[in-house]
Amino acid sequence: MTMSESLELVSATKSFGGWLKRYKHHSRALDCEMIFAIYLPPQAETDKVPLLWWLSGLTCNDENFMQKAGAQRVAAELGIAIICPDTSPRGTDLPGEHDSYDFGSGASFYVNANQAPWSKHYRMYDYVTEELPSVARQHFPLNGREAISGHSMGGHGALVLALRQPGRYASVSAFAPVVNPIVSPWGQKAFTAYLGEDHGKWTQYDACELIAKGASRQPLFIDQGEADNFLDEQLMPERIEATCEKHDHPLTLRRQPGYDHSYFFIATFIEEHLRYHAKHLQRKR
Ligand SMILES: N[C@@H](CCC(=O)N[C@@H](CS)C(=O)NCC(=O)O)C(=O)O
(Lines give C-alpha, C1' and ligand atoms only; values in the text may rest on other atoms or scores of the structure.)
Protein backbone atom coordinates (compact mmCIF):
# COMPACT_ATOMS: atom_id res chain seq x y z
CA MET A 1 0.00 0.00 0.00
CA THR A 2 1.53 3.32 -1.01
CA MET A 3 -1.23 5.75 -0.04
CA SER A 4 -0.49 7.30 3.36
CA GLU A 5 -3.23 6.69 5.89
CA SER A 6 -4.40 9.82 7.68
CA LEU A 7 -4.30 9.99 11.46
CA GLU A 8 -6.02 12.52 13.68
CA LEU A 9 -4.18 13.36 16.90
CA VAL A 10 -6.61 13.07 19.82
CA SER A 11 -4.18 13.93 22.63
CA ALA A 12 -0.47 14.21 23.39
CA THR A 13 0.88 13.95 26.94
CA LYS A 14 4.52 14.12 27.93
CA SER A 15 5.59 11.24 30.15
CA PHE A 16 9.11 10.28 31.36
CA GLY A 17 10.67 12.42 28.62
CA GLY A 18 8.63 10.70 25.90
CA TRP A 19 5.11 11.17 24.59
CA LEU A 20 1.88 9.29 25.07
CA LYS A 21 -0.24 10.02 22.03
CA ARG A 22 -3.72 8.90 21.09
CA TYR A 23 -4.79 8.84 17.45
CA LYS A 24 -8.05 8.34 15.62
CA HIS A 25 -8.15 6.78 12.16
CA HIS A 26 -10.48 5.04 9.79
CA SER A 27 -9.89 1.29 9.78
CA ARG A 28 -10.59 -0.44 6.50
CA ALA A 29 -10.36 -3.89 8.10
CA LEU A 30 -13.00 -2.98 10.70
CA ASP A 31 -14.98 -0.49 8.60
CA CYS A 32 -15.20 2.04 11.44
CA GLU A 33 -13.29 4.79 13.22
CA MET A 34 -10.76 3.53 15.75
CA ILE A 35 -8.57 5.09 18.41
CA PHE A 36 -5.19 3.66 19.41
CA ALA A 37 -2.50 4.81 21.83
CA ILE A 38 1.26 4.92 21.34
CA TYR A 39 3.97 5.66 23.87
CA LEU A 40 7.06 7.03 22.14
CA PRO A 41 10.13 6.96 24.38
CA PRO A 42 12.58 9.92 24.36
CA GLN A 43 14.94 7.96 22.05
CA ALA A 44 12.29 8.20 19.29
CA GLU A 45 13.13 11.93 18.92
CA THR A 46 16.42 10.98 17.26
CA ASP A 47 16.41 7.23 16.52
CA LYS A 48 14.20 4.47 15.24
CA VAL A 49 12.99 2.37 18.14
CA PRO A 50 11.62 -1.17 18.65
CA LEU A 51 7.92 -1.68 19.36
CA LEU A 52 5.96 -3.64 21.95
CA TRP A 53 2.34 -4.39 21.08
CA TRP A 54 0.02 -4.57 24.10
CA LEU A 55 -3.36 -6.26 23.69
CA SER A 56 -5.81 -5.52 26.49
CA GLY A 57 -8.54 -7.61 28.03
CA LEU A 58 -12.32 -7.56 28.29
CA THR A 59 -13.97 -4.17 28.89
CA CYS A 60 -10.75 -2.27 28.05
CA ASN A 61 -9.91 0.25 25.37
CA ASP A 62 -6.57 1.83 24.41
CA GLU A 63 -6.36 3.68 27.74
CA ASN A 64 -6.36 1.07 30.55
CA PHE A 65 -2.80 -0.14 30.11
CA MET A 66 -1.33 3.32 29.54
CA GLN A 67 -3.05 4.69 32.66
CA LYS A 68 -2.71 1.76 35.04
CA ALA A 69 0.28 -0.46 34.18
CA GLY A 70 2.97 2.14 34.90
CA ALA A 71 5.03 0.98 31.92
CA GLN A 72 6.29 4.36 30.70
CA ARG A 73 9.22 4.83 33.10
CA VAL A 74 10.92 1.59 32.06
CA ALA A 75 9.88 1.89 28.40
CA ALA A 76 11.58 5.32 28.41
CA GLU A 77 14.72 3.87 29.97
CA LEU A 78 14.84 0.97 27.51
CA GLY A 79 13.85 2.99 24.44
CA ILE A 80 10.82 0.88 23.54
CA ALA A 81 7.66 2.24 21.93
CA ILE A 82 4.36 0.66 23.02
CA ILE A 83 1.15 0.56 21.00
CA CYS A 84 -2.20 -0.27 22.62
CA PRO A 85 -4.91 -0.98 20.06
CA ASP A 86 -8.54 -0.88 21.17
CA THR A 87 -10.14 -4.23 22.00
CA SER A 88 -12.95 -4.26 19.42
CA PRO A 89 -14.55 -2.25 16.64
CA ARG A 90 -16.30 0.90 17.90
CA GLY A 91 -19.24 3.05 16.89
CA THR A 92 -21.17 0.12 15.48
CA ASP A 93 -24.50 -0.94 16.88
CA LEU A 94 -24.93 -4.59 16.10
CA PRO A 95 -27.72 -6.52 17.84
CA GLY A 96 -26.58 -7.44 21.37
CA GLU A 97 -23.17 -5.84 20.85
CA HIS A 98 -23.21 -3.76 24.04
CA ASP A 99 -25.28 -6.05 26.28
CA SER A 100 -22.56 -7.97 28.14
CA TYR A 101 -19.01 -7.27 29.30
CA ASP A 102 -17.59 -10.45 27.78
CA PHE A 103 -19.00 -10.22 24.26
CA GLY A 104 -19.21 -7.66 21.44
CA SER A 105 -17.77 -4.22 22.20
CA GLY A 106 -14.59 -4.54 24.25
CA ALA A 107 -14.51 -8.28 23.58
CA SER A 108 -13.36 -9.04 20.03
CA PHE A 109 -11.07 -11.90 21.09
CA TYR A 110 -8.84 -10.67 18.23
CA VAL A 111 -10.41 -13.00 15.65
CA ASN A 112 -11.67 -12.45 12.11
CA ALA A 113 -15.38 -13.16 12.48
CA ASN A 114 -16.99 -15.11 9.66
CA GLN A 115 -20.59 -15.03 10.92
CA ALA A 116 -23.21 -12.35 10.23
CA PRO A 117 -23.59 -9.70 11.51
CA TRP A 118 -20.10 -9.74 13.12
CA SER A 119 -18.09 -10.45 9.98
CA LYS A 120 -18.59 -6.92 8.57
CA HIS A 121 -16.65 -5.25 11.42
CA TYR A 122 -15.14 -7.83 13.78
CA ARG A 123 -11.94 -8.47 11.87
CA MET A 124 -9.56 -7.64 14.67
CA TYR A 125 -6.99 -10.29 13.71
CA ASP A 126 -6.39 -8.46 10.42
CA TYR A 127 -6.46 -5.10 12.21
CA VAL A 128 -3.78 -5.96 14.77
CA THR A 129 -1.57 -8.09 12.49
CA GLU A 130 -1.72 -6.04 9.29
CA GLU A 131 -3.57 -2.76 9.16
CA LEU A 132 -2.40 -1.10 12.37
CA PRO A 133 1.22 -2.26 11.93
CA SER A 134 1.18 -0.73 8.43
CA VAL A 135 -0.21 2.55 9.82
CA ALA A 136 2.44 2.50 12.57
CA ARG A 137 5.27 1.93 10.08
CA GLN A 138 4.12 4.91 8.00
CA HIS A 139 3.80 7.38 10.84
CA PHE A 140 6.28 6.56 13.60
CA PRO A 141 10.08 6.13 13.86
CA LEU A 142 10.09 2.34 14.35
CA ASN A 143 13.05 0.10 13.56
CA GLY A 144 10.97 -2.92 12.48
CA ARG A 145 11.66 -5.01 15.60
CA GLU A 146 8.43 -6.06 17.34
CA ALA A 147 7.43 -7.90 20.50
CA ILE A 148 3.97 -8.60 21.87
CA SER A 149 2.25 -8.93 25.23
CA GLY A 150 -1.24 -8.72 26.65
CA HIS A 151 -3.63 -9.44 29.48
CA SER A 152 -6.43 -12.01 29.78
CA MET A 153 -8.31 -11.86 26.43
CA GLY A 154 -5.33 -9.83 25.23
CA GLY A 155 -2.94 -12.44 26.60
CA HIS A 156 -4.80 -14.95 24.45
CA GLY A 157 -4.40 -12.54 21.54
CA ALA A 158 -0.66 -12.12 22.12
CA LEU A 159 -0.04 -15.88 22.33
CA VAL A 160 -2.15 -16.62 19.25
CA LEU A 161 -0.60 -13.86 17.13
CA ALA A 162 2.90 -15.03 18.04
CA LEU A 163 2.20 -18.74 17.53
CA ARG A 164 0.55 -18.09 14.15
CA GLN A 165 3.31 -15.84 12.84
CA PRO A 166 6.60 -17.61 13.61
CA GLY A 167 9.56 -15.26 13.47
CA ARG A 168 7.53 -12.07 13.50
CA TYR A 169 7.91 -11.09 17.16
CA ALA A 170 11.25 -11.12 18.94
CA SER A 171 9.40 -12.25 22.08
CA VAL A 172 5.94 -12.84 23.51
CA SER A 173 4.62 -12.63 27.05
CA ALA A 174 1.23 -12.65 28.71
CA PHE A 175 -0.47 -11.81 31.99
CA ALA A 176 -3.27 -14.14 33.05
CA PRO A 177 -4.03 -15.22 29.46
CA VAL A 178 -7.02 -17.22 28.27
CA VAL A 179 -4.81 -20.08 27.05
CA ASN A 180 -7.50 -22.47 25.84
CA PRO A 181 -10.52 -20.40 24.73
CA ILE A 182 -12.20 -23.35 23.03
CA VAL A 183 -12.88 -24.82 26.48
CA SER A 184 -13.29 -21.54 28.41
CA PRO A 185 -16.84 -20.15 28.76
CA TRP A 186 -15.66 -16.68 27.61
CA GLY A 187 -14.05 -18.18 24.52
CA GLN A 188 -16.93 -20.50 23.74
CA LYS A 189 -19.45 -17.66 23.88
CA ALA A 190 -17.36 -15.43 21.63
CA PHE A 191 -16.24 -18.10 19.15
CA THR A 192 -19.77 -19.48 18.72
CA ALA A 193 -21.04 -16.06 17.67
CA TYR A 194 -18.00 -14.84 15.70
CA LEU A 195 -16.88 -18.13 14.11
CA GLY A 196 -20.00 -20.31 14.09
CA GLU A 197 -20.60 -23.85 15.30
CA ASP A 198 -17.82 -25.44 13.23
CA HIS A 199 -15.17 -26.04 15.90
CA GLY A 200 -12.59 -26.66 13.19
CA LYS A 201 -12.55 -22.87 12.70
CA TRP A 202 -11.90 -22.25 16.41
CA THR A 203 -8.59 -24.04 16.81
CA GLN A 204 -6.61 -21.47 14.76
CA TYR A 205 -7.37 -19.00 17.59
CA ASP A 206 -6.46 -21.26 20.52
CA ALA A 207 -2.93 -21.18 21.97
CA CYS A 208 -3.05 -24.75 23.31
CA GLU A 209 -4.27 -26.10 19.96
CA LEU A 210 -1.61 -24.15 18.04
CA ILE A 211 1.13 -25.50 20.32
CA ALA A 212 -0.19 -29.05 19.91
CA LYS A 213 -0.11 -28.57 16.12
CA GLY A 214 3.51 -27.43 16.34
CA ALA A 215 2.69 -24.10 14.72
CA SER A 216 5.77 -22.38 16.16
CA ARG A 217 8.65 -22.97 18.57
CA GLN A 218 8.53 -19.47 20.08
CA PRO A 219 9.24 -19.49 23.84
CA LEU A 220 6.28 -18.29 25.91
CA PHE A 221 6.58 -16.21 29.10
CA ILE A 222 3.44 -16.08 31.27
CA ASP A 223 2.68 -14.58 34.67
CA GLN A 224 -0.49 -15.75 36.43
CA GLY A 225 -1.84 -14.54 39.78
CA GLU A 226 -2.90 -17.37 42.06
CA ALA A 227 -5.70 -15.27 43.60
CA ASP A 228 -7.17 -14.46 40.18
CA ASN A 229 -10.93 -14.98 40.41
CA PHE A 230 -11.05 -16.16 36.77
CA LEU A 231 -8.29 -18.74 37.29
CA ASP A 232 -10.18 -22.02 37.41
CA GLU A 233 -13.17 -21.24 35.24
CA GLN A 234 -11.64 -19.19 32.41
CA LEU A 235 -7.85 -19.12 32.42
CA MET A 236 -6.74 -22.67 33.30
CA PRO A 237 -2.95 -22.21 33.03
CA GLU A 238 -2.45 -25.91 33.80
CA ARG A 239 -3.74 -26.60 30.31
CA ILE A 240 -0.94 -24.70 28.55
CA GLU A 241 1.55 -26.14 31.02
CA ALA A 242 0.47 -29.71 30.14
CA THR A 243 0.36 -28.96 26.41
CA CYS A 244 3.85 -27.42 26.41
CA GLU A 245 5.19 -30.32 28.44
CA LYS A 246 3.64 -32.87 26.10
CA HIS A 247 4.90 -31.16 22.94
CA ASP A 248 8.20 -29.99 24.37
CA HIS A 249 7.33 -26.33 23.76
CA PRO A 250 9.42 -23.79 25.72
CA LEU A 251 7.30 -22.17 28.45
CA THR A 252 8.07 -20.09 31.53
CA LEU A 253 4.89 -20.01 33.62
CA ARG A 254 5.17 -18.15 36.91
CA ARG A 255 2.37 -18.53 39.43
CA GLN A 256 2.39 -15.42 41.59
CA PRO A 257 0.90 -16.06 45.06
CA GLY A 258 -1.77 -13.61 46.25
CA TYR A 259 -2.13 -11.60 43.01
CA ASP A 260 -5.55 -11.13 41.42
CA HIS A 261 -6.61 -10.35 37.84
CA SER A 262 -6.28 -6.58 38.08
CA TYR A 263 -3.86 -3.99 36.78
CA PHE A 264 -2.25 -3.98 40.27
CA PHE A 265 -0.89 -7.40 39.30
CA ILE A 266 0.22 -6.17 35.87
CA ALA A 267 1.86 -3.07 37.34
CA THR A 268 3.82 -5.28 39.74
CA PHE A 269 5.45 -7.38 37.01
CA ILE A 270 5.41 -5.15 33.90
CA GLU A 271 8.99 -4.02 34.50
CA GLU A 272 10.24 -7.62 34.30
CA HIS A 273 8.26 -8.17 31.10
CA LEU A 274 9.62 -4.98 29.52
CA ARG A 275 13.20 -5.96 30.37
CA TYR A 276 12.57 -9.46 28.97
CA HIS A 277 11.27 -7.99 25.71
CA ALA A 278 14.11 -5.42 25.54
CA LYS A 279 16.67 -8.22 25.74
CA HIS A 280 15.07 -10.01 22.79
CA LEU A 281 14.38 -6.86 20.80
CA GLN A 282 18.03 -5.85 20.99
CA ARG A 283 19.27 -9.22 19.75
CA LYS A 284 20.29 -9.30 16.09
CA ARG A 285 18.13 -11.56 13.94
N1 LIG B 1 -15.07 -7.42 36.68
C2 LIG B 1 -14.63 -6.98 35.38
C3 LIG B 1 -14.40 -8.19 34.50
C4 LIG B 1 -13.61 -7.85 33.32
C5 LIG B 1 -12.16 -7.70 33.65
O6 LIG B 1 -11.64 -8.09 34.71
N7 LIG B 1 -11.48 -7.12 32.72
C8 LIG B 1 -10.05 -7.02 32.82
C9 LIG B 1 -9.48 -7.71 31.59
S10 LIG B 1 -10.15 -9.35 31.39
C11 LIG B 1 -9.62 -5.57 32.81
O12 LIG B 1 -8.49 -5.29 32.45
N13 LIG B 1 -10.52 -4.63 33.17
C14 LIG B 1 -10.27 -3.22 33.05
C15 LIG B 1 -9.37 -2.61 34.07
O16 LIG B 1 -9.08 -3.24 35.11
O17 LIG B 1 -8.92 -1.47 33.82
C18 LIG B 1 -15.68 -6.09 34.77
O19 LIG B 1 -16.83 -6.51 34.65
O20 LIG B 1 -15.31 -4.96 34.36
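Read the numbers this way: they start at 1 and go in the same order the structure lists the ligands and their atoms.
Heavy-atom contacts of Asn64 reach the following atoms of ligand 1: 14 (C), 15 (C), 17 (O) (cutoff under 4.0 Å). Of all the atoms in ligand 1, the ones that sit under 4.0 Å from a non-hydrogen atom of Phe230 are 3 (C), 6 (O). Shown in contact with His261 at under 4.0 Å from a heavy atom are these atoms of ligand 1, numbered in order with element: 6 (O), 10 (S). Of all the atoms in ligand 1, the ones that sit under 4.0 Å from a non-hydrogen atom of Gly57 are 9 (C).
Closer than 4.0 Å to atom 6 (O) of ligand 1 lies at least one heavy atom of the protein. Taking a distance limit of 4.0 Å, we find that atom 2 (C) of ligand 1 is approached by no protein heavy atom.
Using a 4.0 Å cut-off between charged nitrogen and carboxylate oxygen, Arg90 and Glu97 do not count as a salt-bridge pair. Between Lys68 and Glu63, none of the side-chain N atoms (NZ, or NE/NH1/NH2) sits under 4.0 Å from a carboxylate O, so this pair counts as no salt bridge. Looking at Glu146 and Arg168, a side-chain N of the basic residue comes within less than 4.0 Å of a carboxylate O on the acidic one, giving a salt bridge. Using a 4.0 Å cut-off between charged side-chain N and carboxylate O, Arg275 and Glu271 make a salt bridge. Taking a cutoff of 4.0 Å between a charged side-chain nitrogen and a carboxylate oxygen, Arg123 and Glu131 do not qualify as a salt bridge.
Thr59 CG2, 4.1 Å is the protein heavy atom nearest to atom 18 (C) of ligand 1. From the protein, the heavy atom lying nearest to atom 10 (S) of ligand 1 is Ser152 OG, 3.1 Å. For atom 8 (C) of ligand 1, the nearest protein heavy atom (residue, atom name, distance) is Leu58 O, 3.6 Å.
Between the side chain of Ser15 and the backbone N or O of Gly18, no donor-acceptor pair lies under 3.5 Å.
Assignment of Lys68 to the shell around ligand 1 is supported, since a heavy atom sits closer than 4.0 Å. For the pair Cys60 and ligand 1, a heavy-atom separation below 4.0 Å is found.
No hydrogens or angles considered: nothing links the side chains of Thr87 and Ser108 as a donor-acceptor pair under 3.5 Å.
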side-chain hydrogen bond (donor to acceptor under 3.5 Å, both in side chains) between Tyr169 and Gln165: does it pass, once the steps are laid out? CA-CA 8 Å; Tyr169 305 102; Gln165 304 173 93; 3.2 Å; yes

